[in-house]
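In what follows, a structure is listed as structure tokens, so that the remarks can point back to it.
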Amino acid sequence: MNASPPPASLSQLVDDHLLHTIGVEPRRATPVDLVQAVSHIARAELSERWVQNQEQERNGKARRVVYLSMEFLMGRTLCNALAALGLTQETATVLMQRAKSMEDIASLELDAALGNGGLGRLASCFLDSMATLGLPSFGYGIRYEYGMFAQHILNGCQMENPDSWLKDGTIWEFPRPHIAYPVRFGGWVTHENDVARWAPAGEVTAKAYDMVIPGHGTDKVSTLRLWKAVAPDLIDLRAFNLGDYGRAASTKNEYENISWVLYPNDSTPAGRELRLKQEYFFVSASIQDLIHRHLEEHPGLENLAEHVAIHLNDTHPAIAVAELMRILHDDRAMPWNKAWNLCKAVFSYTNHTLMPEALETWDVALMQSVLPRHMEIIFRINKEFLDYAARLRPNDKPFIQRLSLIDDSGERRVRMAHLSVVASHHINGVSALHSELLTTTVFADFAAIWPERFTNVTNGITPRRWLAQANHGLAELLDETLGQTWRLHLEELQRLHNHLADIDFVRRFMTVKRANKARLAQHIAHTTGIEVNPESMFDVHVKRIHEYKRQLLNVLHVVTRYQAILADPKADWVPRTVIFAGKAASSYQTAKSIIRLIHDIGTTINNDPRVGDRLKVVFVPNYGVSVAEIILPGADLSEQISTAGTEASGTGNMKLALNGALTIGTDDGANIEIRQNVGDENIFIFGLKTPEVRALRIAGYHPVDYYQQNPALKAVLDAIASGQFSPDEPDRYRGLVDTLVWQGDHYMLLADYASYVAMQTKVDEVYRQPELWVNKAIRNVAGMGMFSSDRAIEEYARRIWRVQPDLR
Ligand SMILES: *Cc1c(COP(=O)(O)O)cnc(C)c1O
């Protein structure tokens, strides 16, 4: 590793950058100037590493992983870069000499929020691990001008503000003006002697902007290459020369809007032409780029599969399959079968959801108009696949219809998940349960044909950001207790079991949690104006707001508790602060209504003098990576309460447990594996299990029965429905309650209510015994080793991509 410069020279470097790069007199530097100067130092180091790395990979003709993802939820870069470069301490010292704290300086950076939630954050954790493991790798995505919206709360309602993270530029990107590819759309296709000729109607240029992803404990880096859509010069020039400036501008906009804004995820397919163009845009540029790179190092494309593994992060990049076929077969005249075999050796695919409404499909007519040649290619892939399937099961027409890449049941639609499965040598789910369900539900027919293609890789999180960076107190304690290598070998946390009886260690562990809670309380006061007591239990439910994640079930418990406190104020209540955070997709009215309900209930409870400190409810606005870094370390209890069978994995559950929170959760996603790793007695699992959910649905689920038979539940629902928390508009939540009681309660909140509330009582009992609680918290941290994204990437590398990590 490079020796880091001593503070004196680092201080000199800061002055140099202030003077030469930023253009200010060092003595007059503002905090913004300082963050820029420090960032430039890190950027220069990263640049050097990147150049060296690229050179090594080129010379070694490395086999590379290409990770295609519509989303990367990166967060801030500075602290992570400094940590990777080994410059954290020195920089803090230099800043201190200038009367600034690292935290204040770092918080000036805007989050790069090019993702909605878990899927995008997973991609970012994976880049961190690929760099750290020294896997030759490229992440590819879109350089959205506007990322995930900023959430403000006005009178309890979510307001969305555009996230113009690039408005002042970002120091962390490396524009590569010479790396640009044309991406074409529309038009028609002609066929001559079996050769297809695509005459597109429009073209846009994809320009590369790189982010260098530093590895930790290594000089290796990875690259995140983001594409920006730029109108080709000639298009706006033509109108411009005719003096039609307005038209010149609007043509330009029409093309450039492709990379303007991140699509919100409301788990319904965005049936919009622009989204399809975005998907094709970044995929086409990425495939052209990887082919270009391959041809610089190899004479032809025959050996492409030996040197590239292309991974599809969900189906959003699935059109890559048709694009690679088009390039190989049409542009480079490779015979169809040879090209198809190459595809099957190159692609692999991760599925992220089982919910049928979230599986991506595209209208055939739309695809024909936007990507006419790709549509033909998909038809041919489908025909050959279905011929093959028909030979396996002659005369089983329903089987063929279920497998088809085209859904013929209504208006014809392309099933992108089927395209991904047919083209991939491996398909994985993201937790043991989810991968199992994949092969028994949505992909059961495919698993019958190709059982060997299906596998599991349980998700993971990077311990660098989610422990070392987010939780300095715990990181320092771990360093002193275990040494520093847990950052790269998270399984070493197991050794914490040897310290469970070490009174000094346990006391310090508690002190760290207490300090993190104080910090979180400060953030809450600052953002909401609500004072919370750090001595109370911090009960944390943070993630996208969605019905399946069941924030509403948590709300039902909160109101239950509120009513119970009023009924028996003298009882020995464990003081609780229930903390929510999360964004609702802007068009998802139910989710927005849940946010408002949380605020209304908070307002009532927090201002009820009869409740006092026993219960507080807060909603922290604008959940994102940087807000998560403050909330997660301060949590006592982690709410992971999705209906069993609906949360593919979850990664918030891992981050919270790694930071010493105990989980109350359902038998779902990675919660199951967390339980196996921390021990049954150190996690609070409640509710219906997946087979029980299914059985109840089949037998007929009648939520109204639960409503009528459980007086506590009835009292809660009646209070909400009758406007007790919205006296200014008593009917505000009647519809929300009706979806539970009268409209089927699709996510079965009422069925799990009693078991949830009972488990919350158990949580109180344990929390009343601080030594017992902290013992379980430590056992949670100790058991989280396998949830490092290093483990996940090592599994992908070995079992799916067949690439060698550069062994450290
Ligand atoms: C980890 C993370 C998520 C995913 O959380 P889940 O609880 O797994 O849904 C979403 N958003 C952000 C900002 C995260 O850091």
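Order of listing sets the numbers, starting from 1, for every ligand and every atom in it.
Every salt bridge (Lys or Arg N to Asp or Glu O under 4.0 Å) that Arg487 has, sequence neighbours left out, goes to Asp479. Under the salt bridge (Lys or Arg N to Asp or Glu O under 4.0 Å) criterion, Asp680 pairs with Arg675, sequence neighbours left out.
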Pairwise, report which nitrogen or oxygen atoms of ligand 1 are under 3.5 angstrom from protein nitrogen or oxygen atoms, and how far apart they are.
unit_1: ligand 1; atom_1: 7 (O); unit_2: Lys543; atom_2: NZ; d: 2.6
unit_1: ligand 1; atom_1: 8 (O); unit_2: Thr651; atom_2: N; d: 2.8
unit_1: ligand 1; atom_1: 8 (O); unit_2: Gly652; atom_2: N; d: 3.0
unit_1: ligand 1; atom_1: 9 (O); unit_2: Lys549; atom_2: NZ; d: 2.7
unit_1: ligand 1; atom_1: 15 (O); unit_2: Lys655; atom_2: NZ; d: 2.6

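Every pair passing salt bridge (Lys or Arg N to Asp or Glu O under 4.0 Å) that includes a residue from residues 628-647 is listed here, sequence neighbours excluded: Arg465-Glu629, Lys517-Asp636, Lys549-Glu647.
The aromatic rings of His599 and Phe619 sit tilted, their planes meeting at an angle between 30° and 60°.
Looking at Val781, Asn780, Ile631, Asn471 one by one, the single match for side chain to side chain contact (heavy atoms under 4.5 Å, CB included) with Asn659 turns out to be Asn471.
Between Glu173 and Arg225 there is no salt bridge, since none of the side-chain N atoms of the basic residue sits less than 4.0 Å from a carboxylate O of the acidic one.
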